[in-house]
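Just so it is clear: chains get the letters A, B, ... in the order the sequence lines come, proteins before strands, and each one is counted from 1.
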Amino acid sequence: MKYEFSRIEKKWQDKWEKEKTYAAKTGDDKPKYYALIEFPYPSAAGLHVGHPRPYTAMDIVSRKRRMQGYSVLLPMGFDAFGLPTENYAIKNKIHPAIVTRDNIETFTKQLKMLGFSFDWDRCIDTTDPEYYKWTQWIFLKLFENGLAYKASIPVNWCTSCKCVLANEEVVNGECERCGAPVTRREKSQWMLKITEYAQRLLDDLDTVDYIERAKTQQRNWIGRSVGAEIDFKTTAGDTLRVFTTRQDTLFGATYMVISPEHPLLAKWSPDNLEEIAEYQTEAAKKSDFERTELAKDKTGVEIQGIRAINPATGGEIPIFISDYVLATYGTGAIMAVPGHDKRDWEFAKKFGLPIIEVVSGGNIEEEAYSDNQLGTIVNSGFMNGLSVDDAKAEMTRWLTEQGIGGETVNFKLRDWVFSRQRYWGEPIPIVHCEKCGHVPLPESELPLILPDVENYETTDTGESPLAAMPDWIATTCPKCGGPASRETDTMPQWAGSSWYFLRYTDPHNKNALASREALDYWTPVDWYNGGMEHTTLHLLYSRFWHKFLYDIGIVPTPEPYMKRTSHGMILAEDGQKMSKSLGNVVNPNDIVDAFGADTLRLYIMFIGDFEKTAIWSSTAVKGCKRFLDRVWNLAENQLEDDTLSAKHEAAIHRAIKKVGDDIEHLKFNTAIATLMALVNDFYDDKELPSKGDIKMLLTLLAPFAPHIAEELWENQDFSGSAATEPWPAYDERKTIESEREIAVQIGGKLRGTVMAPLDADNETVLSIARDDERIKRLIDGKEIVRVIVVKNKLINLIVK
RNA sequence: GCCGGUGUGGCGGAAUAGGUAGACGCACCUGACUCAAAAUCAGACGGUCUAUGACUGUGCCGGUUCGAGUCCGGCCACCGGUACCA
């Protein structure tokens with residue numbers, strides 16, 4: 001009988017769908033396991049061969065967990081709001097909702113074809129009003145708790161399209177679509193106070209099991225630094241407050257720099273007002289791209305007529321404005337210590353400012369000496385002779401004592417810009433009332449449905465398409481009943497994905513985002529796998545929302561995900577990213593048609609290290625197909641014996657151990673290699689495997705290639721199914737062969753191998769080695785001065 | 001610049017914890033089967049040489065060790081993140 005993968009796979013997929021084999025049951029007595037993968041964006045291009053990599057991985061883990069006796073939740077859904085769909089809709093003049101529906105249908109069909117054990121009854125779609133009702137509800141809660149606010153901030157503005165662009169749409173300072181230059185423009189935007197959670201987001205990383213690079217990336221992104229704030233008096237009478245991490249170098253501060261946007265500038269009337277105003281205008285016009293391009297060349301203008309006083313030395317020092325100081329970090333002002341800061345050194349050199357050494361150990365004539373471990377404080381009055389660390393503490397103490405500063409902590413993390421001037425997103429459920437200001441919609445009015453519009457394009461003034469709908473905008477104030485207008489901005493794509501994993505636990509709940517019972521049973525997520533590109537956005541955002549929901553008593557745990565792993569990308573055969581424009585996309589449908597879903601699943605896991613980038617190979621796929629053919633043919637003739645055969649027992653016990661361990665450590669490639677080696681053994685030995693051997697092979701294979709495993713299971717008349725068979729235990733003692741191959745080295749060089757009984761003592765191994773013909777010849781006439789034995793592995797003879 | 005990662009055959013990649021480098025697979029080669037091919041099965045498969053043996057080999061240079069892909073010191077290349085964060 002031939003391995004008819006198409007018929008077999010359809011047969012089992014239909015059965016699983018009809019019998020809801022993989023439905024997750026809330027409140028089951030068994031221990032729960034919640035496995036999660038990032039839900040896809042349903043693009044018009046459909047699934048490509050990179051998508052199934054993480055899905056197959058977590059499907060394997062989930063299938064193993066079920067066999068281990070867990071109640072498993074493995075859900076799938078669609079993150080469907082967002083720009084590509086909107087752009088596609090504009091281009092093809094189809095409503096985004098229709099585009100979304102069609103794309104989801106395609107994705108669902110493709111996913112089902114691969115035999116994942118998802119609970120499809122829990123499938124969610126972020127654009128479904130029943131779903132985004134709760135996204136809006138969370139926003140209202142954030143607003144109620146003072147974590148959502150409106151602020152005027154600079155946004156990316158395309159000078160040709162006359163619209164606001166998301167950061168991702170700006171490529172090298174130009175508009176991604178039309179190529180026109182992008183400048184910055186102030187616009188009023190909704191913001192979320194993620195910064196209020198900065199410390200907790202950092203601290204709680206210690207409580208979760210994320211791959212280290214994900215933690216590091218989040219830590220860097222949050223960017224905590226401890227330093228001091230210091231007040232500098234000015235001759236204008238105002239106090240200029242700075243933040244520094246090097247308060248130990250205060251005696252070396254020879255000038256100050258404030259950002260072009262610093263608020264004191266509006267108050268001061270320096271002698272060169274016009275020059276300063278001009279610099280401010282120039283700085284405002286610069287795009288992010290220009291700012292970074294010009295990063296090496298420092299520019300700035302001295303504020304004439306106003307000087308600051310260094311509180312340590314009492315000396316007057318000049319004040320500059322320069323765009324190398326950012327308005328958004330610290331206090332927007334710095335004390336410049338050119339002797340010990342690279343940027344200050346460059347600026348001082350350019351403007352001919354004094355450079356004073358206050359930490360010895362470097363050569364400040366050549367470059368700034370910024371090492372903060374070595375070096376001794378000099379030229380610093382009461383701190384001379386101290387180490388940098390001691391001087392920091394001493395200065396902090398002195399500042400506090402003087403009442404002009406003290407220890408401060410700063411974060412790089414900024415608040416989250418939450419508005420988009422776009423159509424295809426969740427409407428923000430706020431109205432603007434002349435009398436009452438920003439007023440939240442009452443919960444009873446949720447969901448605030450996204451209305452149909454004529455045109456999905458951003459308006460000429462850069463407003464959302466919703467701004468062109470006066471009938472929808474006009475409403476009454478929920479508070480005072482007077483006339484009011486609706487917010488026309490929508491939420492960013494990150495909104496719906498910040499809490500979707502909670503909805504999976506109870507996806508059809510009409511009264512809450514999920515019942516407490518479901519949340520208590522399923523959360524937190526036990527294992528979450530996703531792309532590294534989401535580490536600083538999605539992963540951080542969802543941790544923030546989760547902590548907030550925890551604070552207001554909605555969810556039971558402070559962290560959403562207990563374990564986080566990440567997969568590498570699959571590149572096209574040419575080594576480039578798969579993309580429609582390059583025409584190098586591999587469609588999983590083609591692979592399934594040619595080789596079957598089980599082969600695709602195996603190959604995508606066998607392709608290489610799961611965490612690393614892998615290059616697709618259309619020829620290598622058939623190695624996995626060959627393997628399944630060999631498994632199929634093997635099962636057709638074996639010995640009628642339900643126990644493990646003596647010949648294969650040790651190899652099987654080793655395989656149970658290896659495959660099980662490898663699945664836990666994302667080493668799917670070596671797990672599959674182990675199964676291949678086992679099957680090769682069954683062939684090589686010319687000694688047929690027993691029925692028991694076959695059963696064990698199918699059990700281990702089932703998570704990887706579930707269709708063929710079930711089919712063969714049924715053909716063999718094994719009881720139950722491969723999917724419900726308990727995951728086998730191995731016996732450590734049985735993994736070991738009674739005879740070991742021992743490497744024989746002479747002077748550290750391999751000269752041969754001998755067979756020795758298991759755990760043979762040193763003398764036995766030595767005598768076996770000496771009896772070996774070749775070894776005998778090599779050591780003949782020489783004296784063995786030393787013998788090193790590694791038990792069951794190696795013997796090394798040192799001869800003279 | 002800073003942070004993280006990676007360098008192993010023609011190719012994808014293995015190698016607990018310093019102990020037989022190259023598991024497993026692809027490609028190529030040889031043989032069996034076949035009229036032939038495909039498929040299948042069996043075997044060979046890092047390089048060099050004076051080839052039943054020896055030397056050499058895990059990005060480069062040096063070190064520790066009986067023994068180094070693995071540890072230490074110093075470089076180089078590539079990939080990812082981030083970027084004037086005071």
Distance between the [atom1] atoms of [N] and [M], in whole angstroms?
| N | M | atom1 | result |
| --- | --- | --- | --- |
| B/rC71 | B/rA38 | P | 46 Å |
| B/rA44 | B/rU30 | C1' | 7 Å |
| B/rC33 | B/rA21 | C1' | 36 Å |
| B/rC28 | B/rC76 | C1' | 33 Å |
| B/rG7 | B/rC60 | C1' | 11 Å |
| B/rU70 | B/rA14 | C1' | 14 Å |
| B/rG69 | B/rC61 | P | 14 Å |
| B/rG9 | B/rG47 | P | 12 Å |

request  = Please list, chain by chain and in numerical order, all residues satisfying ring pair (Phe, Tyr, Trp, His ring centres under 6.0 Å) with A/His262, sequence neighbours excluded.
outcome  =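 Once residues adjacent in sequence are excluded, A/His262 has no partner under the ring pair (Phe, Tyr, Trp, His ring centres under 6.0 Å) criterion.
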ask   = Taking only residues two or more places apart in sequence, or in another chain, which ones meet A/Phe704 in a ring pair (Phe, Tyr, Trp, His ring centres under 6.0 Å)?
value =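 Scan of A/Phe704 (ring pair (Phe, Tyr, Trp, His ring centres under 6.0 Å), adjacent residues dropped) gives none.
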For [X] and [N], give me the distance from atom [atom1] to atom [atom2], rounded to whole Å.
| X | N | atom1 | atom2 | answer |
| --- | --- | --- | --- | --- |
| A/Leu540 | B/rG81 | CG | C1' | 14 Å |
| A/Arg751 | B/rG19 | CZ | P | 20 Å |
| A/His567 | B/rG80 | NE2 | P | 16 Å |
| A/Phe232 | B/rA86 | CZ | P | 16 Å |
| A/Glu261 | B/rC84 | CD | P | 13 Å |
| A/Lys612 | B/rU6 | NZ | C1' | 7 Å |
| A/Leu634 | B/rU40 | CG | P | 15 Å |
| A/Ile211 | B/rU6 | CD1 | P | 12 Å |

query = Pick the nucleotide of RNA chain B nearest each of A/Leu413 and A/Asn220; which residue has the one closer to the 5' end?
reply =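 Mapping each residue to its closest nucleotide by heavy atoms, the 5'-most match is A/Asn220.
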request  = Tell me which of A/Arg414 and A/Thr216 sits closer to the 5' end of RNA chain B, going by the nucleotide each one is nearest to.
outcome  =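 Mapping each residue to its closest nucleotide by heavy atoms, the 5'-most match is A/Thr216.
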inquiry  = I'd like to know if A/Lys350 and A/Asp297 make a salt bridge, using a cut-off of under 4.0 Å between side-chain N and carboxylate O.
reply    =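 Here A/Lys350 pairs with A/Asp297 in a salt bridge, since their nearest N and O are under 4.0 Å apart.
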Residues [X] and [Y]: side-chain donor-acceptor under 3.5 angstrom:
| X | Y | answer |
| --- | --- | --- |
| A/Tyr279 | A/Thr299 | yes |
| A/His648 | A/Asp681 | no |
| A/Thr328 | A/Arg414 | yes |
| A/Arg630 | A/Asn680 | yes |

task = Decide, for B/rA77, between syn and anti: a glycosidic angle within 90° of 0 counts as syn, anything else as anti.
result = anti
ask   = Is B/rG53 in the syn range, within 90° of 0, or in the anti range?
value = anti
task = Under the side-chain hydrogen bond (donor to acceptor under 3.5 Å, both in side chains) rule, collect the residues that match up with A/Thr670, sequence neighbours excluded.
result = A/Asp662
With a 4.0 Å cut-off on heavy atoms, is [X] in touch with a base, just the backbone sugar-phosphate, or nothing at all?
| X | value |
| --- | --- |
| A/Ile798 | sugar-phosphate |
| A/Asn796 | base |
| A/Asp609 | sugar-phosphate |
| A/Ile334 | base |
| A/Thr613 | sugar-phosphate |

Below 3.5 Å is the cut-off: list the nitrogen or oxygen pairs between protein and nucleotides 20-26 of chain B, distance only.
residue : atom : partner  : partner atom : Å
B/rU20  : N3   : A/Glu741 : OE1          : 3.0
B/rU20  : O4   : A/Glu741 : O            : 3.4
B/rU20  : O4   : A/Glu741 : OE1          : 2.7
B/rG25  : OP1  : A/Asn680 : ND2          : 3.0
B/rC26  : OP1  : A/Arg626 : NH1          : 2.5
B/rC26  : O2'  : A/Thr619 : OG1          : 3.2

task = Report yes if a side-chain nitrogen or oxygen of A/Arg786 is closer than 4.0 Å to either non-bridging phosphate oxygen (OP1 or OP2) of B/rC66; otherwise report no.
result =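 Yes, such a contact exists.
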inquiry  = For B/rG4 and A/Lys215 - does any side-chain N or O of the residue sit under 4.0 Å from the phosphate oxygens OP1/OP2?
reply    = no
Pairs where residues 749-766 of chain A contributes a residue and the test salt bridge (charged side-chain N to carboxylate O under 4.0 Å, His left out) is met, not counting sequence neighbours =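 Of all non-adjacent pairs touching residues 749-766 of chain A, none passes salt bridge (charged side-chain N to carboxylate O under 4.0 Å, His left out).
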ask   = Run the ring-ring contact (aromatic ring centres under 6.0 Å, His included) check on A/Tyr603 and A/Trp616 step by step: do they pass?
value = CA-CA 10 Å; A/Tyr603 180 62; A/Trp616 179 264; 5.0 Å; yes
note = For RNA chain B, the dot-bracket notation using Watson-Crick and G-U wobble pairs below 3.5 Å, [ ] for pseudoknot-type crossings and | for other-strand pairs, is (((((((..(((......[....)))..((((.......))))..((((...))))..(((((..]....))))))))))))....
message = Can you classify the ring geometry of A/Phe610 versus A/His567 as parallel (below 30°), tilted (30 to 60°) or perpendicular (above 60°)?
response = tilted
key: Minimal non-hydrogen separation, A/Pro318 against A/Glu302, with atom names   =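 Result for this residue pair: CB-OE2, 3.3 Å.
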inquiry  = So if I take every side-chain heavy atom of A/Tyr683 and compare against B/rG81, B/rA86, B/rA42, which nucleotide ends up nearest?
reply    =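 Of the options given, the side chain of A/Tyr683 lies nearest B/rA42.
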